[in-house]
Every structure is written in C-alpha cells, then in structure tokens.
Amino acid sequence: MRFSRLLLTLVLALVAPPQPGFSSDAAVPIETFELDNGMRFYVVQRPELTTVSASWVAHVGSSNERPGITGLAHLFEHMMFKGSRTIGTTDSERDREIIEEQEQVQEEIRAIYQADRGRWRRGEIEAPYAAEHQSDDLAELQERFRSLADEQRGLMVKDEFSKIYTDAGATFLNAMTSQDVTAYIINVPANKLELWFWMESERLLNPVFREFYTERDVVYEERRLRTEATATGAYDEQLNAMFWGSHPYSWPIVGWPSDLRVITKQQADEFFSTYYAPNNLSAILVGNVDIAEARRQAERYFGRIPRGDAAPPDVVTLEIEQLAEKRMVAECDCPPQLNILYHTAPFGHRDDYVLDVFSGLLNGRTGRLYKSMIEGAEIASSARVANLASKWAGSFSVSAETMGDHAPEDLLAQWEKVLAELQQSPVSAAELDKVKNILTADVYRRLESPFYLMMQLALYTGQGDATYLNTFADRVAAVTAEDVQRLANTYFDPANRLVGVYTRKEGTRAEEVPSELEALPAEMRQRVLQQINEINGQTEAAPLEEALSQVRSQSEQVPAAMKPAFAYMIQVIQQRLEVLANEGAR
C-alpha cells in the first residue's frame, strides 16, 4: 500500500509559498544527456544540498492500454516493487519455477472463466464470476494456486527492495500512475546515488513479477475501496466514461473490474517489453549531483539495458467530435452537486495556457465563480474549475456543491451567467494582469523544494515537455483579453459538454465532513475521504507507519490553511495503528 500516492496529488498544489527575494523570472537550469539505448536524463544541480530527489519515468499510462487489459499500467506500479531475480527472494530458482506453475494453473482458470462468460451470454447463469456458480474444478484450481502462492510467500524476503533503501537513509520511495505517465520516485543521500542507479536499473534489467496474480487481486480491492465504496466514486467513473466518446481516456486508471480479473502475466510481459524499454524512459535528478559522475553511473548501470526492438506506438485514436450535449442524472448518498466537462485542448497546445488563465479568472475567493455562486447568489457551498490538459487530449471541469435547499440546476444556470459574461465582454487589463501574476507565482513558488521540482519535471517530461516550467511564464504573459474571449466562445458550447447532476438519494443524510477537511476543495476532499477508506481497510502496520512518517514530514511544508487536513490524516492513521495493535495483542 503506497499510501502517499494521495500526497503526490496534494503536494504539487500545497507547497510552501516562495521565500522573500525569490524571483519569478528564474529559470530551471536543466542539463540533459542521452544514453546509446535511448534513455534520457534531466539533471538540476543543487550542490548546496546533501540529498538527491530522483525519479525515472516510463512514458506510459492508462491511455496506452486497450479493452481487455485496462488497469495494467497501474498494476505495474505495484509490480515494480517486488524486487528482481535476486532481490526479494531466498531461492530465485524455485521462485521462477513457482511463477511458471502458477501461470499453468491460471491458464486453466481462464479457460473456465471463458466458458462461464459463454454461459452468461446464453442466459444460463446470472453472472459469470459469481461464487454460487463456481464449479468444483474451479475451486480445486484456486486451491492449487493458493498453495503455490503460500510456498512463494515463504521464499520471499518481504519488502526487501524498500528496506535496502531505508537502511541507506533514503525516504519517500513511491510511485504514481496517470493516464499518460508512470513515475517512480525517491529521496536519497547524495553519497548513496550510485545505489539508486543500481537498484533502479536492476529492477528494469532483471524484473521478476512475483505475486503477479495476488497483486492483481490487491488492485481489485484498491478499486473497490477507492471507487465502489465511496459516495460518488462509481458515478464519477461513469461520468468520465460517458464524456469520452472514442478516446482511451474513457476507462479508469485503476482499470475495469472485469479486466482486472483476467489480465495475464504474458500480457504484462509484453506490455513491459514495449513500454519499459530504455528508449521509452526518462530520469530526473535534482540535488547534489555531479553531472559527469551521473553520466558515468548512468552508462554503467542503465546502459546495460538493451534498447527496445521497436518504438512504443503513439495513441492514435482521436476523440470524436461531440455533436450534442450529454446529460447524466444520478442519485447518491452525497450533497447535491453539479459536474460539467467540456472538450478542450491537450497539454502544450497554445490554448492550454489560455485555459490556465481562464481558470484563474474563475477560481479562488476573488474569482468570478466564488463571487457569483458563493458570495453573490449564495447557492453554492463550494465551486471550482480545472484545466485538465492531458498528453493526447484535454478537458475542462466545472464542479460545485449546493447550499441550503438549492438544486444543481440552480448552479448550472448561474454558471451559464458567468460564462456568458466572459463570452460577451473582454476582461479588464487589471483583472487579467492579476491572474497572470498569481499563475506565474504559483508555478515558480514550487522551485525552492528539490523534491517538488523533481516531481514537476517528472510529470511534465511524461507529458512531453521537460522545459515547461521555463516557458510557462512567457506563454501566460502573452495571453490577451481577446484570447480569453475567443476561448470562451470556442470550447464552451453546450453541444461540447457533459452535464452531470447528482442529487441526494431519498432517505439518506448528507455525509458529515470532518471540520479539518472543510478547507479542501470538494474534489480534493473526496480524494482524502477515499484515502481514509483505504487506511481503515489496511491490515498491516508497516505501510501505515511509513505513511505516518511521510505525512508528518510533509505537514510542515503546507500552507497554514491545509495543516488541519494533514493533522486529521495523522490522527486517522494513528487510530488505525492502535486498532491493529489491539487486534495483534489478542
């Protein structure tokens, strides 16, 4: 359980403000080099530090999947922590044999599943994987597999990969998967950087996907906790699937449940050879790094990995043009709320920067959305927009929760008034300049922390532009009032949107939001509540103790308004640890 995946979402937005004297005109001095096998390195030297924030990025995410293997990119995030041929096991030969035997058993299980899906299509059974339809043959195969899994577990050195790092003083070993990129991150002491080069190249050169099917089931459970066990998770998932007509962004990063049940190790091996080849990888180092030594170590360790046989394919399925407004109306155990999605521009598009400015005009306590919905009409308890520019396509979201007896339709009508003003009249120079200054400061305020800088470089590299931070200010400064008005009239047509209306299911009460989380935007609050579900479902103390340490360290760096939320997370983890300790004492 890499709990801090939530933190990776939060920390990029909640870092400390710039220090006095820090210039927003600063540029990040990025040095680059490329190995013969195609792997690219981006280095930012901070010689005054004693650590290095390091990551390597696989240019692959859920958009590179296809129906049948959805969730595979995220599953790799889990599998890459299982070690290598020698790390993580006491008997590598028997470990290999067990993996082969497990695959044979799984092939027989898949044959039964295939037959059951046929029975379901003919109407002979109500559900293909229901326990009541399980045959004796399937039960026997599952028992054989459990026996092999138990034997393999007995050979494993649990968490050896992370323990090697921890013993060397490294922190924040983690990973994250998005629609477009998978990133593996860590902080290491500067004098242990060679360990990073060896460890990370080793799990790429000699991967062993032990416990593949067990971990697949872990992801299945993660999906249940994050999506199905939350108030709006399943509806949000369907909203996204409904929004994208043809693009692979339509399926969730965690994958569809039916795919998670049948993904094979052979498919994983093929996926790995295609997308985890060095010519599809980039590395980022920020800290006390000697560039010449880094290149020597990179060639020594990562240079061992052979180039892929072929370049990974682009995502070629473009989003089909939407011709009419889509609507989704749902009842859930949630506050009445409005969620709108518009098709817009991808990351790096010239309108991407205009959309950022457009968002700035609407968000915040001085933004038009707050003044109109919350402060003015007093019909919303929260309201925000987001420019969601991804690598292959973009979207723009509008979300708001109702206040009092107001309905989501009231929010929609008010949003259309705000939008009409932007469509009909250009924004003033003063308002535009204020937003530009805030946006520029918001980007550059993150550069003081080497860890956050590394994270941003990893994400932007994965999106396709490692120099994004150095060009953002100039691109934003070039946005005009005419650009904003043109954009408002280009993308924000009813025929180009999906409107999601969530109403409270009759007989249910509004979910009580802990006071410590009230300062969070509604979307981020929901993510925190999802994470709390995972915490309370965790059955092992070690991951929670690691998470507790990480949350505590990050809580010192967030703005004052966010400290209650982090304090609450610390409290929840501590309570869960107490429960596990009491259960262990019985």
Side-chain angles (χ1 to χ4, degrees), residues 1-10 13 62 70-71 74 77-78 176-179 217-243 249-260 328-341 381-382 384 386 388 397 399-402 408 498 500-539 543-544 547 551 565-566 568-569 571-573 575-576 579:
M1 175 189 179
R2 279 171 299 287
F3 159 83
S4 51
R5 192 179 302 113
L6 168 72
L7 289 179
L8 301 183
T9 302
L10 293 178
S62 60
T70 63
H74 171 247
E77 177 192 319
H78 289 245
M176 62 170 292
T177 309
S178 73
Q179 295 171 318
D217 293 341
V218 169
V219 172
Y220 193 96
E221 176 64 11
E222 179 183 321
R223 176 198 155 77
R224 187 190 68 79
L225 289 171
R226 288 192 168 197
T227 303
E228 298 165 8
T230 59
T232 65
Y235 298 102
D236 294 339
E237 182 179 81
Q238 291 204 4
L239 189 80
N240 181 73
M242 184 177 174
F243 176 68
Y249 287 158
S250 62
W251 50 76
I253 294 170
V254 74
W256 294 122
S258 56
D259 289 353
L260 290 174
M328 174 176 159
V329 179
E331 288 186 339
C332 56
D333 300 341
C334 63
Q337 55 194 271
L338 175 73
N339 295 284
I340 311 174
L341 288 171
S381 60
S382 66
R384 69 187 299 267
L388 308 173
S397 72
S399 58
E401 290 185 0
T402 62
L498 182 154
V501 173
Y502 296 2
T503 58
R504 183 175 292 122
K505 190 179 298 183
E506 187 176 351
T508 64
R509 297 176 57 189
E511 182 181 25
E512 291 187 9
V513 177
S515 59
E516 296 88 345
L517 304 184
E518 289 178 351
L520 293 175
E523 181 183 0
M524 192 172 289
R525 187 193 316 141
Q526 179 66 17
R527 292 180 182 177
V528 173
L529 292 173
Q530 289 173 356
Q531 191 67 66
I532 289 172
N533 273 351
E534 287 195 51
I535 292 170
N536 291 328
Q538 180 64 23
T539 58
L544 291 174
V551 178
F566 274 71
Y568 182 69
M569 296 299 292
Q571 176 185 338
V572 170
I573 298 171
Q575 289 174 345
R576 184 57 186 166
V579 170

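Numbers here simply count residues along the sequence, with the first being 1. All values below come from the heavy atoms of this structure, side chains included, with hydrogens, waters and symmetry mates left out.
- Atom OG1 of residue T230 and atom CG of residue L225 lie 9.5 Å apart, to the nearest 0.5 angstrom.
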Trace of the side-chain contact (heavy atoms from CB on, under 4.5 Å) decision for L239 with Y502: CA-CA 11 Å; L239 189 80; Y502 296 2; 4.0 Å; yes
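- With sequence neighbours excluded, the residues that form a side-chain contact (heavy atoms from CB on, under 4.5 Å) with Q238 are M328.
- Side-chain contact between Q337 and T232: present, with at least one pair of heavy atoms (C-beta onward) separated by less than 4.5 Å.
- Between the side chains of Y235 and N240, not a single donor N or O lies within less than 3.5 Å of an accepting N or O.
- Shortest non-hydrogen contact noted between A231 and C332 is O-CB, 3.7 Å.
- Not a single donor-acceptor pair under 3.5 Å links the side chain of E401 to the backbone N or O of P335.
- A salt bridge between E237 and R223 is present, with a side-chain N of the basic residue lying under 4.0 Å from a carboxylate O of the acidic one.
- When side chains are defined from C-beta on, T70 does not count as touching S62, because their heavy atoms never get closer than 4.5 Å.
- Remark: the N339 side chain and the S399 side chain contain no N/O donor-acceptor pair separated by less than 3.5 Å.
- Qualifying side-chain contact (heavy atoms from CB on, under 4.5 Å) partners for P336, counting only residues two or more places apart in sequence or in other chains: T402, P408, R504.
- Listed by chain and number, the residues in a side chain to side chain donor-acceptor pair (under 3.5 Å) with W251 are E65 (sequence neighbours excluded).
- Proximity of a side-chain donor or acceptor of T227 to a complementary backbone N or O of R224 within less than 3.5 Å is not detected.
- Contact record, S250 with W256: O-CZ2, 4.0 Å, taken as the closest heavy-atom pair.
- Closest heavy-atom contact between L260 and Y220: CB-CD1, 3.8 Å.
- The two residues I253 and Q179 have their closest heavy-atom pair at CD1-N, 3.8 Å.
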